[in-house]
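In what follows, a single structure is set out as structure tokens and then discussed.
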Amino acid sequence: MAEAPALHSHHQELREEMRGPVMWLTVDREERRNAISPGVLAALSSALSRAGADRTVRAVVITGAGTRAFCAGADLQAGASFRFDPAEPYQGFANLLRQARQLTVPLVARVNGACMAGGMGLLGMCDMAVAGSHAVFGLPEVKVGLFPAQVLSVLGNLLPRRVLAQMCLTGEPITAAQALEHGLVNRVSEDVDESLDWLLGRMLDKSPAAIRRGLYTMKKIEAMAFEESIAFTESQIGLFALTEDAAEGQLAFREKRKPQWSGR
């Protein structure tokens, strides 16, 4: 949004700043096309933990520095990106995707350039996404003898099966227009911030409590069979109605005025 940045901290590889109620996280490795490093992973995880615990944070925007790349995935230049301790079953990038799945603060990807490999994982873990019209999206791992494994867990429900298979098996990218057509992003525009402002402006004036419990509900039912899902959602609807925001929202509707949300 247009507010002046405030309260910002700077990890060596991740810029963090609060713009009003929105936490901005910018991967700051432009010379490496904003590739993911252990430092980026740790800083992202720390920031998301704090965002989830702070009721004043209404949304988190994830983006990359500059205009060339959103995130190019793992840093292949380092030569150690895929060397894991075989005795450790949980990996850092997978843990970040797990953490995003637990979060009840909306995550918005601001795709300002190339979104490749692990960058597709960052995109996929977000609840919504906007892209610049010059952005490209790809899973090029087969070109270096690898395969996009972890990111499949967050892309499988976003892309049509045939499109995902083509991207994985050929390594060839798709355009921003194609990404929009396939439902991978919400909006595409020449000026990515125009789309971002449009999206945030229509979310930040809504009930914080409804969004928080609503995201929880959406994420919980994703892997459920219908009968399990409907049983869970019918139990949730009564809880939505018990919040202060629900009482205020309905009162404001009857009184024909804008609601004053407490977030409770």
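The model shown is predicted, which means the values in this text are computed figures rather than measured ones.
F147 and L97 fall within a single hydrophobic cluster, where Ile, Leu, Val, Met, Phe, Trp and Tyr side chains are chained together by heavy-atom contacts under 4.5 Å. Hydrophobic clustering places L48 together with F93 (ILVMFWY residues linked when any side-chain heavy atoms are closer than 4.5 Å, directly or through intermediates). Hydrophobic clustering places L152 together with V142 (ILVMFWY residues linked when any side-chain heavy atoms are closer than 4.5 Å, directly or through intermediates). Cluster membership check: W198 shares its hydrophobic cluster with M128, using side-chain heavy-atom separations under 4.5 Å among Ile, Leu, Val, Met, Phe, Trp and Tyr. Both V60 and M18 are part of a single hydrophobic cluster, where members link through side-chain heavy atoms under 4.5 Å apart.
Between L122 and L96, some side-chain heavy-atom pair lies under the 4.5 Å cut-off. The side-chain heavy atoms of I36 and L44, taken from C-beta on, include no pair separated by under 4.5 Å. At a threshold of 4.5 Å between non-hydrogen side-chain atoms, the residues V192 and T67 do not count as touching. The closest side-chain heavy-atom distance from V27 to L14 is below 4.5 Å.
Screening Q99, R98, R50 for a side chain to side chain donor-acceptor pair (under 3.5 Å) involving S45 leaves a single residue, Q99.
Note: E228 CD to I230 CD1 = 12.0 Å, rounded to the nearest 0.5 Å. Atom-to-atom distance recorded for I62:CD1 and R110:CZ is 12.5 Å, nearest 0.5 angstrom. Note that CG of N34 is 13.0 Å distant from CE of M116, once rounded to the nearest 0.5 Å. Atom OG1 of residue T175 and atom CD of residue E181 lie 8.5 Å apart, to the nearest 0.5 angstrom. Here N95 contributes atom CG and L41 contributes atom CG; the two are 9.5 Å apart, rounded to the nearest 0.5 Å. Summarising the geometry, atom OG1 belonging to T63 is positioned 8.0 Å from atom CG belonging to D193; distances are rounded to the nearest 0.5 Å.
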Assess whether side-chain hydrogen bond (donor to acceptor under 3.5 Å, both in side chains) is satisfied between E194 and S189, documenting all intermediate values.
CA-CA 7 Å; E194 179 188 332; S189 56; 4.8 Å; no
When you look at S37 and D75, which way does the side-chain hydrogen bond (donor to acceptor under 3.5 Å, both in side chains) test go after all the steps?
CA-CA 6 Å; S37 66; D75 189 348; over 6 Å; no
As a quick check of understanding, evaluate side chain to side chain contact (heavy atoms under 4.5 Å, CB included) for V108 and C126, giving each step before the final call.
CA-CA 5 Å; V108 183; C126 290; 6.0 Å; no
Under the side-chain hydrogen bond (donor to acceptor under 3.5 Å, both in side chains) criterion, do T56 and D54 qualify, and how do the steps go?
CA-CA 5 Å; T56 65; D54 185 348; 2.7 Å; yes
Start with the C-alpha gap between E16 and L25, add the side-chain angles, then the distance that decides, and say whether side chain to side chain contact (heavy atoms under 4.5 Å, CB included) holds.
CA-CA 5 Å; E16 178 186 328; L25 302 175; 3.7 Å; yes
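No side-chain donor-acceptor contact under 3.5 Å links N186 to the backbone of V130. Remark: the backbone N or O of R264 is not paired with any side-chain donor or acceptor of E244 at under 3.5 angstrom. Judged by distance alone, with hydrogens and angles left aside, the side-chain atoms of R58 form a donor-acceptor pair with the main-chain N or O of L204 at under 3.5 Å.
Annotation for I221 and T233: closest pair CG2-CG2, 3.9 Å, computed over non-hydrogen atoms. Nearest heavy-atom pair, V61 versus L200, reported as atom, atom and distance to 0.1 Å: CG2-CD1, 4.2 Å. Between G39 and E13, the closest heavy-atom pair is CA-OE1, 3.4 Å. A109 and L123 get closest at one heavy-atom pair: CB-CD1, 3.8 Å. Closest approach of V151 to M120, counting heavy atoms only: CG1-C, 4.4 Å. The shortest non-hydrogen separation linking F70 to N112 is CA-OD1, 3.4 Å.
When the shell of 6.0 Å around CD of E190 is examined, it contains 12 or fewer heavy atoms from other residues, nucleotides or ligands. The local environment of NZ in K219 is crowded, with over 12 non-hydrogen atoms from other residues, nucleotides or ligands closer than 6.0 Å.
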For residues 157-172, please give each side-chain donor-acceptor pair under 3.5 Å, one per line with the distance, not counting sequence neighbours.
unit_1 : atom_1 : unit_2 : atom_2 : d
T170   : OG1    : Q166   : O      : 2.6
T170   : OG1    : E172   : N      : 3.1

Residues 205-218 side chain polar contacts: donor-acceptor under 3.5 Å, at least two apart:
unit_1 : atom_1 : unit_2 : atom_2 : d
K206   : NZ     : R202   : O      : 2.5
S207   : OG     : A209   : N      : 3.4
S207   : OG     : A210   : N      : 2.9
S207   : OG     : D245   : OD2    : 2.7
R212   : NH2    : G263   : O      : 2.6
R213   : NH1    : Q236   : OE1    : 2.7
T217   : OG1    : R213   : O      : 2.9

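Residues R15 and E17 are not paired through a salt bridge, judged by the lack of any N-O separation under 4.0 Å between the basic side chain and the carboxylate. Ion pairing between R257 and E248 holds under the 4.0 Å rule for side-chain N and carboxylate O.
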